[in-house]
Amino acid sequence: MRFLANAPRFLFFTGKGGVGKTSVACATAVHLATLGQRVLLVSTDPASNLGQVFGIAIGNAVTEIPSVPGLDALEIDPAQAADAYRERIIGPLRGLLPEPEIAGVIEGLSGSCTTEVASFDEFTQLLTDDTAYGRYDHILFDTAPTGHTIRLLQLPGSWTRFLSTGGDASCLGPLAGLEKHRATYAAAVSALTDPDRTRLILVARPQPSALKEIGRTFAEVTAIGMTNAFVVINGVLPERAGDEPIAVALRRREAAALSAVPAAIADLPRDVLELKARDVVGLEAVRTFFDPELADEAVRDAAETAVLPDAPLVALVDEIERDGPGLVMCMGKGGVGKTTVAVAVALALAHRGHEVLLTTTDPAAHLDETLGAAVDGLTVTRIDPDIALEQYRAHVMATKGKELDESGRAALAEDLMSPCTAEVAVFHQFSRAIHDSRRKFVVMDTAPTGHTLLLLDTAGSYHREIARQMGAVNMAYSTPLMRLQNPAQTKILLVTLAETTPVLEATGLQDDLERAGIHPWAWVANNSIAATHPHSPFLRTRARNEVAQIARIRERADRIAIVPLLPDEPVGVARLSALTGGIPQGVEDRPTTHAVTP
């Protein structure tokens, strides 16, 4: 593996969700530890699954991996990090300030901004605090899917610029600590942009969308000074998978994708890893990850895979249509096909004559590329964080700033330059899309799990604030969270692959949603090999794993749809419509509205 040679201290694994970043990162950590290096493996993904891979509980504290001497792991949990962060700020104030003032500080630190800053604070400490982490030869970061990671990598520079202009932010704590923050963030920028200390590993599947994603990522991180990068193409179908039609079609798809690698990454050093017959879960699977022959020793010839029951996606569309306008949200782990399912559902409803808004909260999503054409009755939008932020700042200045004097407006404008403002701005656009679902079908392709949970956390914070204000004057009110909790108004589709890790994560997501009073309406098992009835031992092994996972899904799901793996990439109106029964006779695609915000 070229990316393992002369590994620097910091290694960042990033890419589109579902491409295998965690598997590559875990295998790298074990490899380096086996060479006698002291290694810390860190997940910055709010929906981390490091514990699932190694079979132990990890959490928000450095945890030794007993079976791998020299390897420790850490999952930066946003909620725990926020609690600890608030206590570090509030603890010294207890006994010194009156309770009403302490309550005001707590209120100021209760929003999603503090959650983000707390996680980011831990991230910068890992890059800069040699007292706590100097004993490690290597610190590996298994990052969240691309959009979330780019923001994380950009934040050191953003906060440095903000504080350098004299900016203040309540979520950073007392003013006395700002100089320390400034020095820490500057040191983090220095570490990230030093090629002798930091290497970026861009992980992708042999798919056009995943390759374009790492091309865009590399372009964005080079803008902040990160240039030391390698490409890892993971999950290439091996020759031993046989030559049945589905295998031949998949190899054709992969070859076409690899022949059109984006120019931005075409000259970067590249490694290729084959698809494994079994899920990469457990220490033995991680140890053999870089050795395909050892990894596939478990492949065995078997009887015909059990036949899956018929569960077409169109059956869910029929029921969605029958219930009338509302919100349909596709949620799940990155890379499971949320965008494909969302676009297919939206297309089917539009082709049946309904007004449909198709939108996404994923900073890395590109709905237009998936759709490929305009469709009558379908409006396609994207909640773009940059545009949302610009519009939010303009709105606040035009409303809250309208009655302020010149110095007050200047102070407000400076406050709105805080990086935290972006989270609030995106939530405002998210709320507007939810409001639109009162009169039309709104199909929302959400960001990968962790990012979506943070957005829902913002919805919860907003709901509690409105409830407090309205309850005080005994007024009726409705919040976005209340619509999400109402099954007559919102249908949550949990999209997953029929594999161990995605199903475990979707199960955890269902638990998180239900704690917030939101019950998933249906599950969608996407890209099922078992549904194609394969013949080769390699593909049958993968299919057998799927059947067991689909049985687990049925234990949790009120409804289920199973979407087979397709010979051709599900891109374009015709192929996407085929997922729900095809384009109805007499329907034509005509120009429609495309925008970047709802």
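Hydrogens, waters and symmetry mates are skipped; everything else that's a heavy atom, side chains included, is used.
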Is the backbone N or O of Leu202 less than 3.5 Å from a side-chain atom of Thr14, with the two atoms forming a donor-acceptor pair by type?
no
Would you indicate whether His395, at its atom NE2, is surrounded by more than 12 heavy atoms from other residues, nucleotides or ligands within a distance under 6.0 Å?
no
Any ion pair linking Glu213 and Arg216 (charged N to carboxylate O, less than 4.0 Å)?
yes
Test side-chain contact (heavy atoms from CB on, under 4.5 Å) on Leu358 and Thr379 and set out the steps.
CA-CA 6 Å; Leu358 171 63; Thr379 301; over 6 Å; no
Of Val495, Asp558, Thr507, the residue whose pairing with Trp523 passes side-chain contact (heavy atoms from CB on, under 4.5 Å):
Thr507
Indicate yes or no for a side-chain donor-acceptor contact from Asn228 to the backbone of Thr198 under 3.5 Å, with no hydrogens or angles considered.
yes
Can you confirm whether Arg352 sits close enough to Val317 that some side-chain heavy atom of one is under 4.5 Å from a side-chain heavy atom of the other?
yes
Between Ile434 and Ser437, the two heavy atoms sitting closest are O-OG, 2.5 Å
Separation between CE (Met226) and OG1 (Thr217), nearest 0.5 Å, reads 11.0 Å
Which atoms form the tightest heavy-atom contact between Leu484 and Ile518, and what is the distance?
O-CG2, 3.6 Å
Could you give the distance from CG (Leu127) to CD1 (Ile139), rounded to the nearest 0.5 Å?
7.5 Å
In terms of heavy-atom contacts, Leu576 and Pro570 come closest through CD2-O, 3.3 Å
For Thr446 and Cys330, indicate whether the former's side chain and the latter's backbone hold a donor-acceptor pair under 3.5 Å.
yes
Within 6.0 Å of CD in Glu390, more than 12 heavy atoms from elsewhere:
no
Write down the atom of Arg483, the atom of Gln489, and the distance for their closest heavy-atom approach.
NH1-NE2, 3.1 Å
Could you check whether Glu319 pairs with Lys491 (Lys NZ or Arg NE/NH1/NH2 to Asp/Glu carboxylate O, under 4.0 Å)?
no
Would you please test Asp376 and His351 for side-chain hydrogen bond (donor to acceptor under 3.5 Å, both in side chains) and show each step?
CA-CA 8 Å; Asp376 187 38; His351 280 152; over 6 Å; no
Under the 3.5 angstrom rule, does the side chain of Arg409 hit a backbone N or O of Gly401 as a donor-acceptor pair?
yes
Candidate pair Leu357 and Phe441, rule side-chain contact (heavy atoms from CB on, under 4.5 Å), full reasoning
CA-CA 6 Å; Leu357 171 64; Phe441 288 102; over 6 Å; no
Does the side-chain contact (heavy atoms from CB on, under 4.5 Å) test come out yes or no for Val524 and Leu494, once each step is laid out?
CA-CA 6 Å; Val524 179; Leu494 291 188; over 6 Å; no
Ion pair check, Glu569 and Arg575, cut-off under 4.0 Å:
no
Thr490 side-chain N/O to Pro487 backbone N/O, donor-acceptor pair under 3.5 Å:
no
Please test Gln485 against His519 for side-chain contact (heavy atoms from CB on, under 4.5 Å), starting from the C-alpha separation and ending with a verdict.
CA-CA 7 Å; Gln485 292 171 331; His519 181 67; over 6 Å; no
